[in-house]
Each structure stands twice: as structure tokens, then as C-alpha cells.
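Accompanying notes for the structure given below.
What you see below is based on every heavy atom in this structure, not just the backbone, and it leaves out hydrogens, waters and symmetry mates. Per chain, numbering begins at 1; letters A, B, ... match sequence-line order.
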2 protein chains.
Amino acid sequence: MVRMGLKTYLMLEPGFDVIAEASNGLEVIERLREIAAEGSEMPDLILMDLMMPEMNGTEATRLVLSEFPAVRVVMLTSFLEDRLVMEAIEAGAVSYVLKTVTAEELIYALKGAFRGMPVMTGDVSQALTRGIRQRTVQSDSSPLTEREKEVLLLIAEGMGNKEIGEELHISIKTVKTHVSNLLMKCELEDRTQLAIFAHRQGMVRL
Amino acid sequence: MVRMGLKTYLMLEPGFDVIAEASNGLEVIERLREIAAEGSEMPDLILMDLMMPEMNGTEATRLVLSEFPAVRVVMLTSFLEDRLVMEAIEAGAVSYVLKTVTAEELIYALKGAFRGMPVMTGDVSQALTRGIRQRTVQSDSSPLTEREKEVLLLIAEGMGNKEIGEELHISIKTVKTHVSNLLMKCELEDRTQLAIFAHRQGMVRL
DNA sequence: GAACGCCTCGGTCTTAAGACCGAGAGAAGG
DNA sequence: CCTTCTCTCGGTCTTAAGACCGAGGCGTTC
């Protein structure tokens, strides 16, 4: 729905032309290869939605840029999660734009992206700086291991140490060790803050 | 941006006509009064965004329906929070549609809404049933008091009982009492689950 | 005045949480 | 072979959390 509306709107905007569209990340790659194969003009910009079936926008961006480094990818999405913003930029997106922007702001951001200039609203830049800050504190004390992520997820579900131990088939002592390591690595004080942390990061969905 | 695109798209759809638009809840009321004053034909449907400056979609819906009961309001938004869905339906919205729907699904939902038939995708109906379930368990044990909501918010920020007591200028004992009451009313087991609960409900933003 | 709900606070008690200590097994890499 | 990392587990200890008991002040309502 958003894509259809966006397309019809952009077509009316002078200087813009919509030459292709896709409903998920895999289709994006396919379209680009088709266009490249038939020798047509490649798109200057790709407006990428973050949440897509099959392949999400971040993975798609990474793939697209590895194969077609010349295109500019603008991430367009509804969600403002620190981790998501981080990953999108890391994957190579020029800008990260929320769907709540006005038409004028979008046009401005697209024109900026065409020149390779990131244009970010205040919300996004805040999320980005928060993400970077958390990233650096994480890299200070090494990233989380797989097991620790599992434990963190279960904490974020509201489970106690005993339940987590039963769920993962390990003793309570081991769970406590993981929790202590998580608290140290994330620089937090208790499991409640860990649960909040996980939710803010967008690690938990429903 | 979304509104512009949506407008241009719906104008092209046979059977649909966009007769007005507004950028926030207050403007919606103004437009409707203008239309009513000049004796023009009233809109059949209102596509309402949930997150708007000045006045949000839920309040606007309540106001619109109290003044113009004949119109059908369709809530169109990016956020899927149990509480938000609940409140929107409670305010009188016929349908609650996510912006991730396809153009076809939107048209289908709008045609349904025109006849007063709610059309909901699986995600939304799940959120709604969860919201209703939580609402009923809350009404069983009375709703939360203002003070309890304050404490819950601080718990959801990751604070300990001692910090909360200092923040609210009350003793730790009192905080514990509130926490115990919160756990009983929400039917949860510890403060971590309370924090998760608050976040899922959409009580905490950033 | 009596009843009720809300906020406040106290004591006691049990238990989960977390810190700090050490340590063995196994896999990966120099 | 040795080191390093990860996962595992044990003991001890301190403290925060939460349950359960009671209770006084305060405002509203009947």
C-alpha cells in the first residue's frame, strides 16, 4: 500500500522517475540483475523498506551494495530501534528515514541521498548515537556469545534463573554465571535492566 | 509523505474519491465542520493515522464520532501495540490497519469499513484479543491507581525499589507495597515481568 | 459518623538474585 | 603442546525482592 502510494506520488514529482519496484529483498536483487542484463540505465536510488518478507531490508542492502556499489540505498521504515538503525547504516544505507516524515522532507532526503549526503531527522540521529554508544561499550568488553544471547532472550521473556536452567538443560549455577557475564558486558545492574535492554534493542518481538 | 502517496493512489482507484485531508486530529474536526457548514457531501470514510502531532488518532476518532456519528473511521498506523489497538477500537474505529498491508488489502478493508464491517489481519486481531484478555484480568482486580502507574513506569526504566523511593519521596516500604499490588493486579511474578509488561503495552516510549 | 479506597509506613521472613571465589572439559588456533 | 575461549558447575555470602502481617491519615461518598 505504502509502496503504491509512494510510487504514484514520486512519479508526479519533477526530477524523479520510478523505474522498478519489488516486494521483498530477493526481488530487489532480481530486478537489478534484469536491468543490468538488458543494458538499461541503472537506478540512482533504492528506497528500501526495513521489514519485508523473505529477506529484510538490511540484508538486501548488504547484498545490493556488494553487487552494485554505485546505487544509493535509503532505508524507509516505521520502526525506530537503536539496533535496526545501526545495522542499516552499517549495511551501507545512506539515510534512514521514518515513514512519519512529510513529503517535502522525503524529497529533500532523497535529493541528499542522490549526492551521497545522509539526511537524518532528530529522532533517527539520536537512535544512531545511542546505538553507537552501546556498540562501543559492547566492543570494550567483547560481544555476547550465543549462549549469553539465549539467556538474555529468556530473561527478556520474564523467566527466572530456575526456569531458564530447565529450558536450556543446565544448572542454575550456570545460568547465574551467564547472567553475571551479561550484566558485566552490557554494563547493567540487574536482570530487569537486561530485559528492558533487549526490548529496546529490538531483540524481542512479541 | 504516506498521506500524499495514499491520496494520489486512492484518487486513481475507481469508486474512491479523496475530498479532504488533514495533518492532525484538530484539523480533521475543522475540515468536517467546514464541509458540514457549506452543505457539501460528508465523507463516507476517514483514514486516520494513530500517531499525529497536536491530537492523536484515538482522541480524534472519539471526537469525530461524537460530533459526526455517521462517518466510518479506519485507523491506519505502523504500530502494533496491544493497548493502542484496544483504545482505537474502543474509540469507535471500524478497522485497525497496519501500513504494511498491500494496496489490495487496504482497498478490501476500506470497502468493508464502508459497510461497517471490520476487516482485520491476523496480527491485529491477535493484538486485540490479547488486549481484551489483559483488560478483563485488570478489571477483575480493579485498574491501576495513579501512584501505581508511576511506580510501574519507574520499574520499566530499570530502577530499583530504593531509587524509586527516592524519586517519589516515599519510603522503600511503600514502594514495596505498590510493587506487590502491581504484581497482584497484573497477575505477574516479579518486577522484570512488570517491566516487560509495561513495554509491551506501549506505556514506555524511549 | 461510617465505610471505602488510596497512600503511607513498620516489622518479619523466605527466597531469588547477584558477586566473588575457584575449576574442569572441550574446541579452536597459534 | 600450549593458550584462549566458551560452557559448564560448585560453594559461600550479601543484599534486594517480595509475601504476609498490621496500621494510621486522608479524602470521598453514602
**Message:** Go through it in stages, so that I can follow the logic: the residues are B/Val151 and B/Glu148, the test is side-chain contact (heavy atoms from CB on, under 4.5 Å), and I'd like the CA-CA distance, side-chain angles, deciding distance and then a yes or no.
**Reply:** CA-CA 5 Å; B/Val151 174; B/Glu148 284 163 353; 5.7 Å; no
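Summary of helix geometry: the two end axes of the helix from C/dC7-D/dG24 to C/dG30-D/dC1, each defined by five base pairs via their C1' atoms, are inclined to each other by 40° (rounded to 10°).
Positionally, the nearest nucleotide of DNA chain D for A/Arg147 lies more toward the 5' end than for the other of B/Asp190 and A/Arg147.
Between B/Leu182 atom CG and D/dA19 atom P there is a gap of 11 Å when expressed in whole angstrom units. Atom CG of B/Leu194 and atom C1' of D/dG18 are 11 Å apart (whole Å). Separating the NZ atom of B/Lys176 from the C1' atom of C/dC7 is a distance of 18 Å, rounded to the nearest angstrom. Atom CD in A/Glu163 sits about 17 Å away from atom P in C/dT15, given to the nearest Å. Following rounding to the nearest Å, A/His178 (NE2) and C/dG18 (C1') show an atom-to-atom distance of 15 Å.
In this structure, B/Ser95 contributes its side chain and B/Val97 its backbone to no donor-acceptor pair below 3.5 Å. B/Glu163 places no side-chain N or O within 3.5 Å of a backbone atom of B/Met159 that could act as its donor or acceptor partner.
Proximity of B/Thr145 to the phosphate of C/dC7: a side-chain N or O atom is located under 4.0 Å from OP1 or OP2. Contact check, A/Thr177 against D/dC9: no side-chain N or O comes under 4.0 Å of OP1 or OP2. Residue A/Arg191 has no polar side-chain atom (N or O) positioned under 4.0 Å from OP1 or OP2 of D/dA17. Note on A/Asn161: every side-chain N or O is 4.0 Å or more away from OP1 and OP2 of C/dA16.
Applying the 6.0 Å contact sphere to CZ of A/Phe16 captures more than 12 heavy atoms from other residues, nucleotides or ligands. Few gaps surround CZ on A/Phe68; more than 12 heavy atoms of other groups in view lie less than 6.0 Å from it. More than 12 heavy-atom neighbours from other residues, nucleotides or ligands sit within 6.0 angstrom of CD on B/Glu38.
Salt bridge absent: B/Arg62 and B/Glu59 never bring a charged side-chain N and a carboxylate O closer than 4.0 Å.
Atom CG of B/Leu110 sits about 11.5 Å away from atom CZ of B/Arg115, to the nearest 0.5 Å.
When the nucleotides C/dA17, D/dC7, C/dA19 are ranked by their closest atom to the side chain of A/Ser180, C/dA19 comes out on top.
Residues from residues 166-174 of chain A lying near DNA chain D, meaning a heavy-atom separation below 4.0 Å, are A/Ile170, A/Ser171, A/Lys173, A/Thr174 in numerical order.
When the salt bridge (charged side-chain N to carboxylate O under 4.0 Å, His left out) test is applied to A/Lys7, the partners found at least two apart in sequence or on another chain are A/Glu21.
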